[in-house]
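Just below is one structure, and these are the notes that go with it.
Side chains are part of it too, since the values below use all heavy atoms of this structure and drop only hydrogens, waters and symmetry mates.
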Amino acid sequence: MTPVHFAFSSAFFLGLAGLAFHRTHLLSALLCLEGMMLSLFIALSLWTLQLDSTNFSASPMILLAFSACEASAGLALLVATARTHGTDHLQSLNLLQC
């Protein structure tokens, strides 16, 4: 495994570990998801450049578009949650209550 592959793999797994173990605020969970998507985007872009193929050249841009949509939906949920509950703590959210 090259150092570049190790760096982006470790960045992805650090984001995953942050998402799994540090779930106190909704904003921190969204930041961990964004870090994971960014590491996937850079790794996919580097993989496309290493292959020197035009077949996969649109894949990083599609992933970036989905990442932007995920970020906007997450921020909309964060604003709605902060307005209705007054906080973004994940422990205060009850999924059984409307």
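The OG atom of S28 lies 10.0 Å from the CG atom of L33; values are rounded to the nearest 0.5 Å. Here M37 contributes atom CE and F12 contributes atom CZ; the two are 9.5 Å apart, rounded to the nearest 0.5 Å. For the atom pair I62 CD1 and S67 OG, the distance stands at 13.5 Å (nearest 0.5 Å). Rounding to the nearest 0.5 angstrom, the gap separating the CG atom in D52 from the OG atom in S57 is 12.0 Å.
Transitive grouping of hydrophobic side chains (ILVMFWY, heavy atoms separated by less than 4.5 Å) brings L63 and V4 into a common cluster. Under the 4.5 Å side-chain heavy-atom criterion for grouping Ile, Leu, Val, Met, Phe, Trp and Tyr, L38 is not connected to L14 through any hydrophobic cluster. When hydrophobic clusters are built by joining Ile, Leu, Val, Met, Phe, Trp and Tyr residues whose side-chain heavy atoms come closer than 4.5 Å, directly or via intermediates, F13 is grouped together with I42. F8 and L51 end up in the same hydrophobic cluster when Ile, Leu, Val, Met, Phe, Trp and Tyr side chains are linked at under 4.5 Å.
Partners of H22 by side chain to side chain donor-acceptor pair (under 3.5 Å), not counting sequence neighbours: none found.
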Distance-only criterion, 3.5 Å: show the donor-acceptor pairs between side-chain atoms of residues 75-83 and protein atoms not counting sequence neighbours.
residue	atom	partner	partner atom	Å
T81	OG1	L77	O	2.7

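Here the shortest heavy-atom pairing between T48 and P60 reads OG1-CG, 4.0 Å. Listed here is the closest heavy atom pair of A11 and S39: CB-CB, 4.1 Å.
No hydrogens or angles considered: a donor-acceptor pair under 3.5 Å links the side chains of H5 and T2.
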